[in-house]
Amino acid sequence: MVLKQILKPSHHSFLAVAHRGASAEAPENTMAAFELALKQGADMIEIDILPSSDGVPIVIHDTRTKRLTGIKADIRNLHSEEIARMHIQLMKNSGYGSEPIPTLNELLAWSKGKVLLNIEIKPEGFNQDDPANILSRTLSLIDRYAMQHSVLISSFSTECIRQCRKKAPAVATGLLYDKRASAGLRPIEACLRTGAVSLHTKKRRTTKKMISKAADRDIPVMVYTVNRRRRMKKLIQHGVKGIFTDKPSLLREVVLTMNS
């Protein structure tokens, strides 16, 4: 079953999405976090990508590297070879040491046939005027690994979503809703305008009414970032298609309990 079919509100499946991998227990956006998420039963892994100075899609959330590596730099000003020598610092009391920063190419090679991916393209790394922008490079890698039906491209950038729909209609897209980025449009209208397959919303702004209205327009709602059992259960009961969490093991436990 292709991802676009799974995302339909009428489809019975629910997606447990590991936010930056199993990031509550392993360094975020690293292979260690992705491998742990897979072991914990995640259906999908959400990652963030930014371009290096030579245009290589790098799996990392922050443009500034200080928080994660201890080094003051902007990932967009570093060559991919420099980034390859950098490491995410160890997490306290986690049992993990420092972890290298992966490229999107490395992640796609590892994940093919194992798990679905949500690739978030950060607006600050997307230059819509550059024909070889990070979206184009990402789509080229997806083509290389023939993963068009197992990858979801998401972004707060409405233009990024529109370009993705135009360049790769087979690839599913998810709009990360932000009122300002969506020119004041309401969530469902913004999703329809961009042609996104799914709508991704903040937990505190996701209501039962919104989920129901979106389902009426055949738009699945996925919610971020939920780490509490009670909120997970409530959102699932309201009909969300997926939940992003730092704790995929907890979410999987909640889902199994509700289905038993």
Side-chain angles (χ1 to χ4, degrees), residues 1-8 13 15-23 26 28-61 75 79-81 83-84 88 99-122 125-127 130-155 157 160-176 195-198 200 222 242 244 248:
M1 185 72 70
V2 299
L3 182 54
K4 281 187 177 181
Q5 291 298 318
I6 294 173
L7 286 170
K8 287 185 176 297
S13 64
L15 295 173
V17 188
H19 178 243
R20 307 180 198 172
S23 54
E28 66 177 64
N29 277 324
T30 65
M31 294 309 301
F34 305 147
E35 289 167 358
L36 182 59
L38 191 60
K39 290 178 182 177
Q40 293 183 350
D43 302 302
M44 175 183 278
I45 293 173
E46 184 268 352
I47 67 164
D48 309 277
I49 58 171
L50 286 162
S52 63
S53 64
D54 52 326
V56 174
I58 303 297
V59 180
I60 194 167
H61 179 273
I75 202 78
H79 192 278
S80 57
E81 292 183 357
I83 297 168
I88 305 296
E99 297 288 333
I101 301 171
T103 63
L104 179 59
N105 183 58
E106 291 169 335
L107 177 58
L108 290 173
W110 170 82
S111 65
K112 182 176 173 63
K114 293 180 182 178
V115 66
L116 301 173
L117 288 182
N118 178 166
I119 302 172
E120 180 185 339
I121 295 179
K122 310 300 288 183
F126 173 69
N127 180 0
D130 179 5
N133 61 33
I134 192 168
L135 172 62
S136 297
R137 291 173 183 265
T138 297
L139 293 175
S140 294
L141 287 171
I142 292 171
D143 284 342
R144 178 187 300 177
Y145 290 99
M147 292 177 66
Q148 294 88 345
H149 299 305
S150 57
V151 167
L152 170 69
I153 300 289
S154 67
S155 184
S157 167
C160 181
I161 297 298
R162 291 190 186 98
Q163 284 195 23
C164 186
R165 295 283 297 144
K166 182 179 180 180
K167 294 179 179 181
V171 176
T173 50
L175 176 66
L176 281 154
V197 172
S198 58
H200 302 184
M222 300 175 69
F244 298 84

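Bear in mind that the values here come from a model prediction, so they are computed numbers and not experimental data.
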Audit row: Lys122, Leu50, side-chain contact (heavy atoms from CB on, under 4.5 Å) steps and yes/no: CA-CA 6 Å; Lys122 310 300 288 183; Leu50 286 162; 3.6 Å; yes
If I compare all heavy atoms of [X] with all of [Y], which pair ends up nearest, and what's the gap?
{"X": "Leu152", "Y": "Gly174", "result": "CD1-N, 3.5 Å"}
{"X": "Ala42", "Y": "Pro248", "result": "CB-CB, 4.2 Å"}
{"X": "Leu175", "Y": "Ser155", "result": "CD1-O, 3.7 Å"}
{"X": "Met44", "Y": "Leu117", "result": "CG-C, 4.0 Å"}
{"X": "Ala170", "Y": "Lys4", "result": "O-CE, 3.6 Å"}
{"X": "Lys114", "Y": "Leu38", "result": "O-CD1, 3.9 Å"}

Just by modelled atom types, is the [Y] backbone N or O under 3.5 Å from a matching donor or acceptor in the [X] side chain?
{"X": "Lys112", "Y": "Tyr145", "result": "yes"}
{"X": "Arg165", "Y": "Gly195", "result": "yes"}
{"X": "Arg137", "Y": "Ala132", "result": "yes"}
{"X": "Ser136", "Y": "Pro131", "result": "yes"}
{"X": "Asn133", "Y": "Asp130", "result": "yes"}
{"X": "Glu46", "Y": "Arg20", "result": "yes"}
{"X": "Asp54", "Y": "Ser80", "result": "yes"}

Verdict with supporting geometry, Ile101 and Ile88, side-chain contact (heavy atoms from CB on, under 4.5 Å): CA-CA 7 Å; Ile101 301 171; Ile88 305 296; 3.8 Å; yes
Any side-chain heavy-atom pair of [X] and [Y] under 4.5 Å:
{"X": "Val59", "Y": "Pro102", "answer": "yes"}
{"X": "Cys164", "Y": "Leu139", "answer": "yes"}
{"X": "Leu116", "Y": "Leu15", "answer": "yes"}
{"X": "Glu28", "Y": "His19", "answer": "no"}
{"X": "Asn29", "Y": "Asp48", "answer": "yes"}
{"X": "Val115", "Y": "Asp43", "answer": "no"}

Looking at [atom1] of [X] and [atom2] of [Y], how far apart are the two atoms once the value is rounded to the nearest 0.5 Å?
{"X": "Met147", "Y": "Leu108", "atom1": "CE", "atom2": "CG", "result": "5.0 Å"}
{"X": "Ile47", "Y": "Leu104", "atom1": "CD1", "atom2": "CG", "result": "5.0 Å"}
{"X": "Ile58", "Y": "Ile49", "atom1": "CD1", "atom2": "CD1", "result": "9.5 Å"}
{"X": "Ile134", "Y": "Cys160", "atom1": "CD1", "atom2": "SG", "result": "8.5 Å"}
{"X": "Ile153", "Y": "Glu120", "atom1": "CD1", "atom2": "CD", "result": "10.5 Å"}
{"X": "Ile45", "Y": "Ser111", "atom1": "CD1", "atom2": "OG", "result": "7.5 Å"}

